[in-house]
Amino acid sequence: MELQLQQFKADFFKALAHPLRIRILELLAEGDKNVNELLTIIGAEGSSVSQQLSILRSKNIVYGTKEGNRVLYSLRDPMIIDLLNLVRQIFNNHLIDTALLLDKFNEDFGKDLKEKDV
């Protein structure tokens, strides 16, 4: 059972491993959208968006509901929103760590310059 869970996680994260798929999920986190709405917001080619939606559907991350001649896409699990927010926080933490490292580097570099001037 543990191996199945690990495989699910690996497959799930593979399905998220594309910037356009992440963007689509971020937009769907704001509310359901059809392909034309996604295309208008993203500005990408229709075939590219459709391809990425197909991958997300195949991994049961999003689903489509037929409304007339359009398909309205939705997140299958609202916890995806929490996941996207968590990843944003991790990203921010990395930025903070990088900024602190840069500050430390600049302090050390400034000290080195002062020592050379003396």
Side-chain angles (χ1 to χ4, degrees):
M1 187 67 156
E2 188 68 24
L3 182 59
Q4 290 172 325
L5 177 58
Q6 292 166 346
Q7 187 62 53
F8 171 82
K9 289 177 181 179
D11 291 341
F12 180 82
F13 285 114
K14 277 188 224 173
L16 299 182
H18 191 284
L20 184 52
R21 290 194 289 265
I22 297 295
R23 182 67 180 132
I24 290 168
L25 293 176
E26 290 171 341
L27 292 171
L28 294 178
E30 297 170 2
D32 301 345
K33 306 224 176 347
N34 63 47
V35 174
N36 288 335
E37 291 172 311
L38 292 170
L39 288 171
T40 300
I41 296 167
I42 295 171
E45 292 183 26
S47 61
S48 180
V49 170
S50 293
Q51 180 184 15
Q52 301 311 323
L53 281 167
S54 176
I55 292 168
L56 292 169
R57 274 194 325 266
S58 73
K59 297 300 181 183
N60 290 318
I61 296 172
V62 302
Y63 67 96
T65 307
K66 192 94 164 141
E67 284 193 351
N69 61 351
R70 295 186 289 181
V71 177
L72 192 63
Y73 287 94
S74 310
L75 296 176
R76 184 162 298 280
D77 189 330
M79 289 190 71
I80 301 258
I81 298 168
D82 296 333
L83 177 65
L84 294 172
N85 288 332
L86 184 60
V87 172
R88 180 185 298 271
Q89 290 173 356
I90 292 169
F91 176 75
N92 288 341
N93 291 343
H94 283 274
L95 287 178
I96 290 167
D97 290 345
T98 301
L100 292 173
L101 185 62
L102 182 60
D103 287 345
K104 176 73 172 123
F105 173 79
N106 287 332
E107 283 177 22
D108 292 346
F109 185 72
K111 288 178 187 175
D112 289 345
L113 286 177
K114 286 181 184 177
E115 290 174 3
K116 288 181 182 179
D117 287 342
V118 174

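The chain is numbered in sequence order, starting from 1. Given the structure is predicted, the values throughout are model-derived calculations rather than measurements.
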Chemist: May I have the step-by-step check of side chain to side chain donor-acceptor pair (under 3.5 Å) for Gln89 and Asn85, ending in yes or no?
Modeler: CA-CA 6 Å; Gln89 290 173 356; Asn85 288 332; over 6 Å; no
Chemist: With ILVMFWY side chains joined below 4.5 Å, transitively, what does Leu95's cluster contain besides itself?
Modeler: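 For the cluster that includes Leu95, the remaining residues are Phe91.
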Chemist: Are there more than 12 heavy atoms of other residues, nucleotides or ligands under 6.0 Å from atom CZ of Arg76?
Modeler: yes
Chemist: So if you build clusters from Ile, Leu, Val, Met, Phe, Trp, Tyr with side-chain heavy-atom gaps below 4.5 Å, do Val87 and Leu20 land together?
Modeler: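 They do share one cluster, since a chain of ILVMFWY contacts under 4.5 Å joins Val87 to Leu20.
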Chemist: Kindly work out whether a path of hydrophobic side-chain contacts (I/L/V/M/F/W/Y, heavy atoms less than 4.5 Å apart) joins Ile42 to Ile55.
Modeler: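 No, no single cluster joins them.
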Chemist: Going by heavy atoms in the side chains, are Leu83 and Leu16 under 4.5 Å from each other?
Modeler: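 Yes. Closest side-chain heavy atoms under 4.5 Å.
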Chemist: Walk me through it: do Tyr73 and Arg57 pass the test side chain to side chain contact (heavy atoms under 4.5 Å, CB included)?
Modeler: CA-CA 9 Å; Tyr73 287 94; Arg57 274 194 325 266; 2.9 Å; yes
Chemist: Looking only at atom types and distance, does a side-chain atom of Ser50 sit under 3.5 Å from a main-chain N or O of Ser47, one as donor and one as acceptor?
Modeler: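 Pair absent, no side-chain N/O of Ser50 close to backbone of Ser47.
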Chemist: Quick check for you: to the nearest 0.5 Å, what is the distance between Leu53 atom CG and Lys33 atom NZ?
Modeler: 12.0 Å
Chemist: Among all residues two or more places apart in sequence or in another chain, which pass the side-chain hydrogen bond (donor to acceptor under 3.5 Å, both in side chains) test with Asp32?
Modeler: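 In terms of side-chain hydrogen bond (donor to acceptor under 3.5 Å, both in side chains), with neighbours along the sequence ignored, Asp32 is linked to Ser74.
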Chemist: How many angstroms lie between OG1 in Thr98 and CG in Asp103, if you round to the nearest 0.5 Å?
Modeler: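 Answer for the OG1-CG pair, Thr98 versus Asp103, is 11.0 Å.
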Chemist: According to a hydrophobic-cluster definition based on side-chain heavy atoms being under 4.5 Å apart (Ile, Leu, Val, Met, Phe, Trp, Tyr only), do Phe8 and Leu86 belong together?
Modeler: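 As far as the 4.5 Å side-chain criterion goes, Leu86 and Phe8 are not connected within one cluster.
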Chemist: So, does Gln52 use its side chain to make a donor-acceptor pair with the main chain of Val49 at under 3.5 Å?
Modeler: no
Chemist: Same hydrophobic cluster for Ile22 and Leu38, using side-chain heavy-atom links shorter than 4.5 Å among ILVMFWY?
Modeler: yes
Chemist: So, Asp77 side chain and Ile80 main chain: donor-acceptor pair closer than 3.5 Å or not?
Modeler: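 Such a contact is absent between Asp77 side chain and Ile80 backbone.
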Chemist: Flag yes if Leu25 and Val35 sit in one hydrophobic cluster, no otherwise; membership is Ile, Leu, Val, Met, Phe, Trp, Tyr, and two members link when side-chain heavy atoms are under 4.5 Å apart.
Modeler: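 They do share one cluster, since a chain of ILVMFWY contacts under 4.5 Å joins Leu25 to Val35.
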Chemist: Can you tell me how far the CG atom of Leu39 sits from the CD atom of Glu37, to the nearest 0.5 Å?
Modeler: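 So the CG of Leu39 and the CD of Glu37 are separated by 10.0 Å.
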Chemist: Atom NE2 in His18, atom CD1 in Ile24: separation rounded to 0.5 Å?
Modeler: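 Going from the NE2 atom of His18 to the CD1 atom of Ile24 covers 9.0 Å.
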Chemist: Within the side chain of Arg21, is there an N or O that forms a donor-acceptor pair under 3.5 Å with the backbone of Leu56?
Modeler: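 A pair under 3.5 Å: no.
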